There are 2 protein chains.
Amino acid sequence: MQMKQQVKERFNHFLSRKHLKTTLQRNLVVDAMVELGRHTHVDELYLLLRAKHPYIGHATVYRSLRLLAESGLAREINLGDGFTRYELARQGERHDYLVCSDCGTVTEFENGAVEKEQLRRAHNLGFAIETLKIELKGLCRHCQGRHPNAN
Amino acid sequence: MQMKQQVKERFNHFLSRKHLKTTLQRNLVVDAMVELGRHTHVDELYLLLRAKHPYIGHATVYRSLRLLAESGLAREINLGDGFTRYELARQGERHDYLVCSDCGTVTEFENGAVEKEQLRRAHNLGFAIETLKIELKGLCRHCQGRHPNAN
DNA sequence: ATCGATGCAAATGTTTTGCATCGAT
DNA sequence: ATCGATGCAAAACATTTGCATCGAT
């Protein structure tokens, strides 16, 4: 996959521009993010890396992801559930989440038309929009089955 | 001010509907929120209350604010800076927010058509939606002026 | 050789919880 | 009288930081 190389290259370019060092660990973090191809908790990524590289540290993953976000290649996602997620900033600007209030699973979905309309309205109110997040909370298909009559 | 009474009344109604108790502390929290009239950190509110009522506890403020949010009279704001803010939900049933990433001000706006469309799509994915939140982050008109060339 | 990066553990800061007591119903 | 609510301190939690060592430049 050449996308991995491309992202890694851009990250390394960012690093040297800032007089920071290209390290094995930083590359491992970028690789893992590209391979995952979806948003993830910091800790999830840490465990994933840990499995293959026992000596990588928790702090390093945190530090690398923050750098990756600073470089603009990833972004921080905050769903208000206590921990930070990161996601590669791909082509598009999708931020639509379905969060299951029972099992916590996050499903992404897309609705470009809706987003455009929201952006237009925000603009009319004088806002310079940076990010757009649409968050729906409810029970996913699986958890609906398990709790037929919750509440 | 009669708005304070109105909010307090609605909150108490919510409490009794849930078979929860109306207490001095819960009323103090609501009062403080109405008086402040703006979003605030939990801890800021705690210190404010503490000044007049030395025996109110940290945990109680957290617990009361969460209840207030559950009742729909307030909402949680998460700017990703490590602590939670709360704000009274003025018009009640709005779910679209413009959050200024600089000053934290929250502006509500409405877009019923968009919401309906989102709910429909979520339903198609098998989700039983409980809450819907559309959050746009960016610079409000005021903060745009103050930082002409940020970054 | 320099000086930033790492891993670990300890520290931090916010939010939650256990528990004995208090107080609204 | 019951049983939820409170205050406190301790716990839990994700995240950050200090420091000795490692490694990219």
Side-chain angles (χ1 to χ4, degrees), chain A residues 8-9 11-30 32 39-71 74 76-86 104 106, chain B residues 8-9 11-30 32 39-71 74-86 104:
Chain A
K8 202 149 47 175
E9 208 169 280
F11 187 44
N12 290 341
H13 181 255
F14 165 83
L15 289 174
S16 72
R17 187 156 45 83
K18 292 258 185 180
H19 305 290
L20 301 172
K21 287 170 182 170
T22 300
T23 65
L24 172 63
Q25 289 88 336
R26 286 175 177 168
N27 276 323
L28 287 175
V29 167
V30 177
H39 58 93
T40 176
H41 304 169
V42 181
D43 203 60
E44 184 189 10
L45 202 71
Y46 166 67
L47 291 173
L48 222 72
L49 287 165
R50 186 87 187 193
K52 291 194 179 174
H53 311 275
Y55 294 117
I56 198 167
H58 218 153
T60 300
V61 178
Y62 274 96
R63 290 187 275 229
S64 300
L65 283 173
R66 189 193 293 164
L67 267 181
L68 199 57
E70 266 174 47
S71 80
E76 233 182 87
I77 305 173
N78 209 306
L79 258 33
D81 58 357
F83 35 116
T84 306
R85 290 166 170 81
Y86 282 89
V106 178
Chain B
K8 203 150 44 175
E9 208 169 280
F11 187 44
N12 290 341
H13 180 256
F14 166 83
L15 289 174
S16 71
R17 187 156 45 84
K18 291 258 186 180
H19 304 291
L20 300 172
K21 287 170 182 171
T22 300
T23 65
L24 171 64
Q25 289 87 337
R26 286 176 177 167
N27 277 323
L28 287 175
V29 167
V30 176
H39 59 94
T40 176
H41 303 171
V42 181
D43 203 60
E44 184 189 9
L45 202 71
Y46 166 68
L47 291 173
L48 222 73
L49 286 166
R50 186 87 186 194
K52 292 193 180 174
H53 310 274
Y55 293 119
I56 198 167
H58 219 151
T60 300
V61 178
Y62 273 96
R63 289 187 276 228
S64 300
L65 283 173
R66 189 193 293 164
L67 267 181
L68 199 57
E70 266 174 47
S71 81
R75 77 172 64 88
E76 234 181 85
I77 305 173
N78 209 306
L79 256 34
D81 58 356
F83 36 115
T84 306
R85 287 167 172 81
Y86 283 90

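Throughout, protein chains are lettered first and strands after them, A, B, ... in sequence-line order, and every chain is numbered starting at 1. Keep in mind that what you see is a predicted model, and the values were worked out from it rather than measured.
Both A:Asp43 and A:Thr23 sit near DNA chain D, but only A:Asp43 has its closest nucleotide nearer the 5' end. Mapping A:Leu15 and B:His58 onto DNA chain C by nearest heavy atom places A:Leu15 at the nucleotide closer to the 5' end. In terms of position on DNA chain C, the residue among B:Leu20 and B:Gly82 whose nearest nucleotide sits closer to the 5' end is B:Gly82.
Pairing partner, D:dA24: C:dT2, with both Watson-Crick or wobble hydrogen-bond distances short of 3.5 Å. For D:dC19, the paired base is C:dG7 (Watson-Crick or G-U wobble, both distances below 3.5 Å). When Watson-Crick and G-U wobble pairs are counted only if both distances are under 3.5 Å, C:dT12 pairs with D:dA14.
The CD-P distance, from A:Glu44 to D:dA14, rounds to 13 Å in whole Å. Rounded to whole Å, atom P of C:dA1 lies 15 Å from atom NZ of A:Lys21. When rounded to the nearest whole Å, the span between CD of A:Glu70 and P of C:dA5 equals 11 Å. Between the P atom of D:dC13 and the NE2 atom of A:His41 lies a distance of 15 Å, rounded to the nearest Å. Following rounding to the nearest Å, A:Tyr55 (OH) and C:dT6 (C1') show an atom-to-atom distance of 14 Å. A straight line from NZ of A:Lys18 to C1' of D:dT25 spans 19 Å, rounded to a whole angstrom. Atom-to-atom, CD1 of A:Ile77 to P of D:dT15 comes out at 13 Å; the value is rounded to the nearest Å. Regarding A:Asn12, its CG atom lies at a distance of 9 Å from the P atom of D:dT25, rounded to whole Å.
Closest non-hydrogen pair, B:Leu45 versus B:Thr40, comes out as N-OG1, 3.9 Å. Closest heavy-atom contact between B:Lys21 and B:Arg26: O-NH1, 2.7 Å. Here the closest non-hydrogen pair linking A:Phe11 and A:Leu68 is CD1-CD1, 3.6 Å. Nearest approach of B:Tyr46 to B:Ile56, heavy atoms of both residues: CE1-O, 3.7 Å.
Between A:Thr84 and the phosphate of D:dT15, there is a side-chain N or O to OP1/OP2 separation shorter than 4.0 Å. For D:dA24, the OP1/OP2 oxygens have no side-chain nitrogen or oxygen of A:Thr22 closer than 4.0 Å. Distances shown here put a side-chain N or O of B:Gln25 below 4.0 Å from the OP1 or OP2 atom of D:dG7. Residue A:Arg26 places no side-chain N or O under 4.0 Å from the OP1 or OP2 atom of C:dG4.
Residue contacts shown for A:Arg63 include a base, since a base heavy atom lies under 4.0 Å away. B:Ile56 comes within contact range of the sugar-phosphate backbone alone, with a heavy-atom separation under 4.0 Å but no base atom that close. Counting any heavy atom pair closer than 4.0 Å across all strands shown, A:Tyr62 reaches a base atom.
Out of D:dA5, C:dT15, C:dT16, the shortest distance to the side chain of B:Arg66 is found at C:dT16. Closest to the side chain of B:Phe83, out of D:dG4, C:dT14, D:dG7, is C:dT14.
A tilted orientation is assigned to the rings of A:Tyr62 and A:His58, their planes being inclined by 30° to 60°.
Separating the CZ atom in B:Arg50 from the OH atom in B:Tyr55 is a distance of 9.0 Å, to the nearest 0.5 Å.
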